[in-house]
Amino acid sequence: MTSICELSATNLARAIARCELSSRDAVEAHLARIADRDPELAAFVTVDAESARRAADICDGASAPIGPLHGVPIAIKDLTDTAGLATTYGSVLFRDHVPAEDDLVVARLRRAGAIILGKTNTPEFGFGAVCTNKLCGPTRNPFDPALTSGGSSGGSAVAVAAGMVPLAHGTDFGGSVRTPASFCDVASIRPTPGRIPSPRRRLGWDMLATHGFLARDVDDLERTLSVCGGGDASDPLSIGLASDDRPTAGRPRIVVTPDFGFAPVARAVRARFAGTCELLARVTDVVPSSPDCGGAIETFRTLRAAHIASSYGELLRSRREELTPTVIWNIEAGANLSAQDCLNAERRRTAIYRSFRELFSRADFLIAPAASVFPWRNEVSNVTVIDGTALETPIDYLAVTFIVSLVGFPVLTLPAPRGENELPFGIQIIAPPGCESRLFAFGRSLENELGFSHRGPPL
């Protein structure tokens with residue numbers, strides 16, 4: 001039973017398709033792992049064992065594999081709607097909310113044969129540095145349960161790292177897939193906005209938030225994105241997604257930056273990143289540089305605040321006493337923004353985007369740390385200081401990841417090789433929009449040649 005939980009989603013799907021293993025066996029093994037590990041780690045808000053067993057029996061009774069994820073147990077972040085399965089958005093306001101329909105990404109996963117074991121924990125509405133809320137948590141880091149798993153896809157990262165599922169869904173606004181992946185030694189993909197459509201998104205051209213995935217290897221990420229991608233007429237970002245997704249020819253040219261020239265990053269992270277760049281130099285041509293990111297912090301603060309105030313302002317007015325302090329702060333940050341503030345931010349964003357584009361005229365990939373700090377203790381709710389320097393706002397520690405959200409480039413994260421007693425640490429590998437296949441090919445080469453791969457926590 002233990003060995004089943006160490007299989008990748010790709011190998012699990014192949015074994016089930018060949019009748020070397022039943023889907024029911026896979027589901028039972030992972031449910032047993034959840035029962036064993038989750039009381040300590042709190043990765044799941046809801047586990048739907050009986051529905052998972054029924055779905056597994058359907059897979060086992062099928063005359064042929066249903067799809068590329070046939071019979072594979074997965075988890076869905078509790079910000080995303082699942083038909084017939086409670087979706088709380090991490091808030092007591094939605095404790096009893098059971099959607100009637102799946103979000104499109106969930107529907108596509110089911111059509112590919114995936115079996116949903118449950119919903120993973122998230123801070124309220126996804127806003128928080130620690131994966132906790134009034135319903136569940138904190139979600140504890142499997143490498144040291146005293147430490148945070150990261151926000152806001154911490155539940156999904158822990159579920160994958162601890163072998164409770166081989167694959168999990170997440171969402172990423174400013175780093176919410178990438179930071180937990182870095183903290184928990186797993187791989188993740190935040191694709192180009194629109195690659196996975198969000199036809200219910202109220203702001204159709206908003207590209208700050210995307211769906212993403214966490215897994216233990218690149219093959220699983222690529223397989224999952226292949227079944228969830230594809231245009232939808234109701235999502236304008238998903239139509240006519242342009243790309244030049246050709247394989248990299250010859251020795252890759254990479255630009256490396258510890259901070260994009262502006263992000264606060266801890267000295268310990270800079271040191272680990274420098275060592276990682278020395279490894280990368282064995283198989284790539286490495287050039288230290290960065291796009292011009294002038295005004296990025298103010299730009300992201302403005303656009304994020306406007307987005308949150310628009311989406312949740314009414315809740316603050318009507319249900320303030322039931323919201324967490326983090327959510328209240330996030331909503332209030334956008335209360336007094338003007339239209340001119342937002343337009344000025346969009347103007348700066350455009351300049352930063354064009355600087356990223358210019359950089360990729362002379363490089364294949366841009367590589368940076370996947371988090372500005374190492375995991376901290378669960379009782380500390382926000383990162384307010386880095387190396388003795390106070391941050392202006394609680395979101396500034398995300399600058400090393402939110403800059404990529406701001407410009408909408410796809411980003412793969414991989415766990416970097418580490419010493420026996422070192423905490424997990426991940427890198428972001430960034431490519432031009434639409435170039436996910438190029439990312440996956442390069443990521444596989446780093447896994448195979450340099451050991452940029454998951455190494456699980458002690459059981």
Side-chain angles (χ1 to χ4, degrees), residues 123 127-132 138 141 144 146-152 154 172-176 178-183 208 255-277 288-305 308 325-330 332-334 345 348-349 352 355 366-407 411 413 416 418 422-428 430:
F127 304 130
V130 175
C131 195
T132 191
N141 193 308
D144 183 345
L147 303 181
T148 179
S149 58
S152 64
D172 189 306
F173 194 123
S176 290
R178 291 163 283 162
T179 300
S182 180
F183 285 4
L208 287 176
V255 166
V256 298
T257 176
D259 56 11
F260 294 93
F262 78 98
V265 175
R267 286 189 293 271
V269 169
R270 292 173 184 272
R272 282 282 290 277
F273 184 67
T276 301
C277 291
S289 188
S290 173
D292 183 351
C293 299
I297 285 186
E298 298 82 359
T299 300
F300 185 78
R301 285 178 189 166
T302 298
L303 296 176
R304 181 181 187 273
I308 294 171
T326 297
V327 168
I328 291 171
W329 177 86
N330 275 281
E332 288 182 336
R348 291 193 298 267
R349 181 190 205 177
I352 296 168
S355 182
L366 171 61
I367 296 182
S372 63
V373 292
F374 287 105
W376 61 92
R377 296 187 68 82
N378 280 301
E379 57 267 26
V380 178
S381 59
N382 287 300
V383 179
T384 58
V385 175
I386 294 181
D387 291 340
T389 300
L391 305 182
E392 290 186 21
T393 81
I395 64 170
D396 290 358
Y397 85 102
L398 290 171
V400 75
T401 50
F402 75 50
I403 183 61
V404 188
S405 303
L406 194 65
V407 294
V411 53
T413 67
R418 56 189 169 85
E422 289 184 317
L423 285 170
F425 167 73
I427 59 168
Q428 298 182 89
I430 304 153

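Given the structure is predicted, the values throughout are model-derived calculations rather than measurements.
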Go through Val255 and Ile367 one step at a time and tell me if the side chain to side chain contact (heavy atoms under 4.5 Å, CB included) criterion holds.
-> CA-CA 6 Å; Val255 166; Ile367 296 182; over 6 Å; no
Derivation of the side chain to side chain contact (heavy atoms under 4.5 Å, CB included) call for Val265 and Asp387 = CA-CA 9 Å; Val265 175; Asp387 291 340; over 6 Å; no
Ignoring hydrogens and geometry, is there a side-chain-to-backbone donor-acceptor pair from Ser405 to Phe173 under 3.5 Å?
-> yes
From Arg349 CZ over to Thr299 OG1, what is the distance, rounded to the nearest 0.5 angstrom?
-> 9.0 Å
Measure from the side-chain N and O atoms of Asp259 to the backbone N and O of Pro264, and report whether any donor-acceptor pair falls under 3.5 Å.
-> no
Does the Asn382 side chain pair with the main chain of Thr384, one donor and one acceptor, at a distance under 3.5 Å?
-> no
Are the side chain of Thr179 and the backbone of Gly175 linked by a donor-acceptor contact shorter than 3.5 Å?
-> yes
Supply the atom-to-atom distance Thr401 OG1 to Gln428 CD, rounded to the nearest 0.5 angstrom.
-> 6.0 Å
Could you grab the distance from atom CD1 of Ile395 to atom CZ of Arg301, nearest 0.5 Å is fine?
-> 6.5 Å
Flag, side chain of Ser149 to backbone of Asn141, donor-acceptor distance under 3.5 Å = no
Take atom CD in Glu332; do more than 12 heavy atoms of anything else shown fall under 6.0 Å from it?
-> yes
Side chain to side chain contact (heavy atoms under 4.5 Å, CB included) between Ile386 and Leu391, intermediate numbers included = CA-CA 7 Å; Ile386 294 181; Leu391 305 182; 4.2 Å; yes
Donor-acceptor contact below 3.5 Å, side chain Trp376 vs main chain Val380 | yes
